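Presented below is the structure to which this report refers.
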Amino acid sequence: MEKSYKPAAIEKSWYQKWEEEGHFSPSGGENPYCIMIPPPNVTGTLHMGHAFQDTIMDSLTRYHRMMGYNTLWQPGTDHAGIATQMVVERQLEADNLNRQDLGRNNFLKKVWEWKEQSGNKISDQLRRMGASLDWERERFTMDEGLSEAVIEVFVRLYEEGLIYRGKRLVNWDPNLLTAVSDLEVIATEEKGHLWHFRYPLTNQNGYLVVATTRPETMLGDTAIAVNPDDLRYRDFIGQTVELPLCNRKIPVIADNYVDPSFGSGCVKITPAHDFNDYEIGKRHNLPIINIFTPSAAINKNAPKSFQGMDRYVARKKIVNELQAAGLVEKILDHVILVPRGDRSGEIIEPYLTDQWFVNTKPLAQPAINAVKEGRIKFIPENWSKTYFDWMENIQDWCISRQLWWGHRIPAWFDNEGKYYVGRSEDEVREKYQLKENLSLNQDEDVLDTWFSSALWPFSTLGWPKETSELKSFYPSTVLVTGFDIIFFWVARMIMMGLKFTGDVPFRQVYIHGLIRDQNGQKMSKSKGNVLDPLDLIDGIDLETLLKKRTFGLMQPKLQSEIEKSTRKEFPQGIKAFGTDALRFTFAALASTGRDIRFDMGRIEGYRNFCNKLWNASRFVLINITTIPKPQKGEHLSLPDRWIRSRFSKTITEVNRQMENYRLDLAAKALYEFTWNEYCDWYLELTKPVLQESEISVHKLNATRQTLIEVLEGLLRLLHPIIPFITEEIWQKIAPLAEIEGDTIMLQPQPNPKSYAVDQAAEESINWIMSFLLGVRQIRGEMDISPNTPLSVLVENASENDLKHLEDSRLFLNQLGRIESITIIEDGEEKQTAATALLGGMAILVPMAGIIDTDKEKSRLIKKSRNIISDLEKINAKLNNINFMERAPKEIIAKQRDLGKSLSRDLDQINEQLEKLSQI
RNA sequence: AGGCGCGUAGCUCAGUGGUAGAGCAUUACCUUGACAUGGUAAGGGUCGGCAGUUCAAUCCUGCCCGCGCCUACCA
């Protein structure tokens with residue numbers, strides 16, 4: 001093996017081998033374990049969020065595969081309607097073309113080309129992450145089979161009356177020229193104004209003042225509303241006002257919606273361009289006057305002088321003209337919530353159009369029940385509250401989009417605007433017995449991308465056919481996803497899954513946090529703080545990183561700022577840490593919080609961890625070149641028994657944490673065992689055995705066997721998180737453990753029962769550790785060189801101490817660089833010494849020239865001060881009647897014991913101090 | 001407006017009703033035959049604040065302060 005761990009050298013080949021040999025496909029068997037990947041955008045690239053999520057899913061998948069489950073991790077990609085269409089349109093823009101220039105068919109051809117060209121990129125990046133996805137089953141939401149599922153679902157929902165078409169006020173993106181759903185609208189707080197306008201009364205002098213944040217909508221006003229209980233306006237109800245600039249009379253109506261304390265207490269009502277006003281309009285039978293074109297310019301329903309103007313140009317003109325007419329009461333600064341499209345960033349307008357909707361309430365109820373009844377569990381459980389809140393107030397879902405890229409709606413229109421829904425034109429003609437010469441045109445619109453995503457858990461498995469895959473893997477075991485798409489995706493999958501399969505789509509929903517940068521900021525191109533997972537794996541030099549972060553910025557102004565911060569953060573660029581280190585980092589960060597700050601310090605630390613594992617394995621391989629003869633338990637050394645015991649407990653702990661989705665705690669247990677126990681102590685403790693010439697062959701072999709067995713098991717335990725390095729090492733270790741197999745990934749997880757728990761051995765090793773710690777402290781604090789051999793005396797040794805001492809001399813001598821250990825009676829030792837305490841026993845290092853008396857004095861004084869303060873706390877408790885009466889017995893006993901041992905320590909320290917003072 | 005989350009060492013974060021933890025960073029010493037991507041030791045914290053429950057609170061409860069997120073129709 002190489003002297004140090006070089007990830008690039010080992011990661012390349014293993015993945016290819018695993019995939020070629022079909023190790024990712026389900027093994028068959030009784031117990032299924034299935035995860036559906038949240039399909040990434042087919043034209044996208046892997047970002048930190050993906051890498052994090054995929055690490056979690058892959059670790060879970062590999063773990064359960066090794067636990068003997070029939071494991072499927074289903075891969076695939078999403079067509080991501082708007083996002084993908086926008087990318088291709090932007091490419092056309094470069095050639096001064098738009099999609100209309102190409103026409104629908106040619107445009108779609110372009111999108112498919114782009115999909116083919118870039119669609120494999122993210123799959124390849126997933127491979128770099130080590131993701132053990134069953135690629136043979138890779139799906140795409142616009143595959144034939146999945147499209148069939150989409151049509152089937154649409155038609156069935158329509159036939160049941162759960163999909164309807166209607167003219168409704170929807171969220172309209174005037175830039176993309178499509179409707180979007182409520183969820184795709186982001187409300188942002190922005191500075192605006194509250195304009196107060198005077199609407200003159202028609203049958204008397206005076207006016208009513210209305211307040212608005214969107215003056216241009218006045219052109220579509222059809223009423224003004226006041227609160228019926230508002231005494232100021234009570235008398236005006238039923239009168240009319242003159243709508244300025246429009247030459248129209250509109251009524252004053254009363255509606256409880258109006259809050260008298262806001263603005264002027266009078267609200268202008270524009271039913272065509274405001275959701276509330278729309279509802280009020282319906283209640284009062286108001287006319288609905290649409291004043292916008294699809295791109296939100298003023299249309300022909302408004303006065304001539306405004307027609308054709310963009311809404312914001314019109315706004316200015318309206319304000320100016322009202323001002324000139326003396327109809328502006330005042331203009332106040334006002335922070336408003338501006339609705340913007342999540343893709344385009346454009347200000348969304350409520351707009352009256354014909355759209356397709358899903359009637360969600362009947363679907364939501366069973367989906368609520370499924371979670372209430374525990375058939376689906378959220379992890380952490382708290383997220384179910386978020387889910388309920390939304391589901392219980394769910395609104396109908398606008399599913400039609402005026403785009404070209406996506407699943408075209410299976411509805412056909414005749415020339416009169418009558419429409420027929422069916423699986424195909426032929427089916428429609430037959431079903432509705434349409435005349436052959438009736439011309440039909442399919443609806444131009446496509447479905448919301450999330451409509452097909454909602455079917456993902458069963459459409460990928462072949463539904464509506466009753467496939468064996470569906471039988472085996474539906475419901476899937478767990479959905480792993482971020483909280484940001486609980487509404488978009490999780491809720492809708494549950495609704496659709498229950499509706500069309502009669503069962504939940506997954507039994508658990510593991511909600512993880514979102515990856516942020518080291519300052520807790522969302523990673524985004526415009527902030528210039530994006531980390532590419534592949535750059536962490538392969539490394540990147542500063543110049544390339546700078547180029548990457550500043551290339552194609554929307555606001556070139558930001559360039560110098562981004563350059564500066566990047567140079568500061570990564571003066572040397574980014575080192576290559578390898579996939580395993582990145583994965584271990586993600587696992588270690590996967591705690592229950594919402595924000596996960598990615599910390600470069602940690603990935604470096606876990607790269608070092610990999611190196612540690614690498615070198616520990618080298619140590620084992622250097623010392624063991626032939627298969628050790630199996631030995632009986634009696635030949636195991638104390639450290640052998642100890643490490644087996646610790647490993648058994650570690651396996652149990654890791655299993656527990658994996659089952660609880662606490663990958664961070666699993667990673668922690670693995671890290672601590674590997675580094676702090678196996679490497680720091682066990683390997684050190686084997687050195688005396690491996691190097692001792694007089695050791696028995698049995699003992700030697702028992703230690704060799706333990707070294708191998710524990711390392712081999714540890715590699716398997718680590719494999720789900722760090723697959724590459726464990727495979728590489730395992731290939732060399734497994735033969736020495738007499739294990740045959742092509743790959744570690746198909747080996748079973750280690751069984752805690754294969755390694756005996758041994759409390760006695762743990763106690764003994766703890767004693768040894770304490771002994772060595774005491775000696776090392778003296779060395780460290782007294783500046784005694786690690787090379788200086790020490791003669792050590794022990795005083796007040798109990799029988800137990802003597803037994804431990806007898807069992808461990810070999811280890812103490814070598815690990816503590818101790819020449820001799822002499823047992824002495826209390827007070828026998830006359831010369832002064834540096835002292836360490838181990839239970840009731842004192843470990844003395846005679847000072848004879850090597851130790852500074854004053855230093856030792858101050859060291860002991862400091863120690864005694866700590867003990868005294870602890871002791872005071874304990875005595876206060878023990879003297880507290882309430883404590884003695886009410887605390888549990890064990891706690892009292894524990895405190896008493898602690899107090900005793902502390903005062904014993906204190907006595908000994910004082911004794912030593914006295915001795916030192918006598919000099 | 002409602003809901004949720006967070007506040008623990010300089011930084012990033014675990015954690016528990018009964019003696020506060022890790023990694024990184026810092027300091028000192030060490031190139032000893034697995035590993036300097038390392039070893040040994042050290043320093044560092046009123047666990048955001050106040051009150052309550054309790055024999056005992058960093059942990060449970062309430063209030064407050066600070067930060068963040070989500071949902072929502074205040075024109």
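As the structure is a computational prediction, the values presented were derived from the model and not from experiment.
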_Return a single string for nucleotides 28-38 of chain B, one symbol per nucleotide in 5' to 3' order, where B is base contact, S is sugar-phosphate-only contact and - is none, cutoff 4.0 angstrom on heavy atoms._
------BB-BS
*Could you write nucleotides 70-75 of chain B as a row of B, S and -, 5' to 3', where a protein heavy atom under 4.0 Å of any base atom gives B, of only sugar-phosphate atoms gives S, and otherwise -?*
-SBBBB
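Residue pairs meeting the side chain to side chain donor-acceptor pair (under 3.5 Å) criterion with at least one partner in residues 871-883 of chain A, sequence neighbours excluded, do not occur; the list is empty. Sorted by first then second residue, the side chain to side chain donor-acceptor pair (under 3.5 Å) pairs that include residues 663-676 of chain A, not counting sequence neighbours, are A:Arg662-A:Asp664.
Distance noted for atom C1' between B:G17 and B:C4: 25 Å (whole Å). Separation of the C1' atoms belonging to B:G68 and B:U61 is 24 Å when rounded to the nearest angstrom. B:C63 sits 49 Å from B:U40 when the P atoms are compared, rounded to a whole Å. Across the C1' atoms, B:A25 and B:C69 are found 30 Å apart, a figure rounded to whole Å. Taking atom C1' in both B:C59 and B:G7, the straight-line distance is 14 Å, to the nearest Å. Comparing B:U54 with B:C11, their P atoms sit 37 Å apart, to the nearest whole Å. B:C65 and B:C29: their C1' atoms are spaced 45 Å apart (whole Å). Between the P atoms of B:A41 and B:G18, the separation comes to 28 Å (whole Å).
One N or O on the side chain of A:Arg492 and one on the backbone of A:Phe488 form a donor-acceptor pair closer than 3.5 Å.
Minimum heavy-atom separation, A:Glu11 to A:Ile537: OE1-CG2, 4.1 Å.
Residue A:Asn382 is classed as a sugar-phosphate contact, given heavy-atom separations below 4.0 Å to backbone atoms only. When heavy atoms are screened at a 4.0 angstrom cut-off, A:Leu773 is found touching the sugar-phosphate backbone but no base atom.
A distance of 9.5 Å separates CG of A:Leu736 from CG of A:Leu711, quoted to the nearest 0.5 Å.
Partner of A:Phe487 under the ring-ring contact (aromatic ring centres under 6.0 Å, His included) criterion, chosen from A:Trp390, A:Trp397, A:Tyr387, A:Phe388: A:Trp390.
Using a 4.0 Å cut-off between charged nitrogen and carboxylate oxygen, A:Asp274 and A:Arg214 count as a salt-bridge pair. Of the charged side-chain nitrogens involved, at least one lies within less than 4.0 Å of a carboxylate oxygen, so that A:Lys855 and A:Asp783 count as a salt-bridged pair. Taking a cutoff of 4.0 Å between a charged side-chain nitrogen and a carboxylate oxygen, A:Arg232 and A:Asp230 qualify as a salt bridge. The pair A:Lys732-A:Glu728 meets the salt-bridge criterion, since a charged nitrogen lies less than 4.0 angstrom from a carboxylate oxygen. Taking 4.0 Å as the cut-off between side-chain N and carboxylate O, A:Lys862 and A:Glu781 do not count as a salt-bridged pair.
Contact annotation: A:Gln777 side-chain N/O to B:U40 OP1/OP2 distance is not under 4.0 Å. Within the structure, a side-chain polar atom (N or O) of A:Arg662 is placed less than 4.0 Å from OP1 or OP2 of B:G15. Taking side-chain N and O atoms only, A:Lys862 has a distance below 4.0 Å to OP1 or OP2 of B:G43. Residue A:Arg779 places none of its side-chain N or O atoms closer than 4.0 Å to OP1 or OP2 of B:A41.
One atom, NZ of A:Lys873, and another, C1' of B:A57, lie 14 Å apart when rounded to the nearest Å. The distance from atom CD1 of A:Ile603 to atom P of B:C13 is 16 Å, rounded to the nearest whole Å.
Counting only Watson-Crick or G-U wobble pairs whose defining distances are both under 3.5 Å, the stems of 3 or more consecutive pairs in RNA chain B are B:1-7 with B:65-71, B:10-13 with B:21-24, B:26-30 with B:38-42, B:48-52 with B:60-64.
Between B:C13, B:A14, B:C4, one nucleotide has an atom nearer to the side chain of A:Arg602 than all others, and that is B:C13.
Comparing A:Gln518 and A:Glu781 by the nucleotide of RNA chain B whose heavy atom lies nearest to each, the residue mapping closer to the 5' end is A:Gln518.
The side-chain contact (heavy atoms from CB on, under 4.5 Å) test applied to A:Ser903 returns A:Leu871, not counting sequence neighbours.
Under the 6.0 Å cut-off for aromatic ring centres, A:Tyr351 and A:Trp172 qualify, their centroids lying closer than that.
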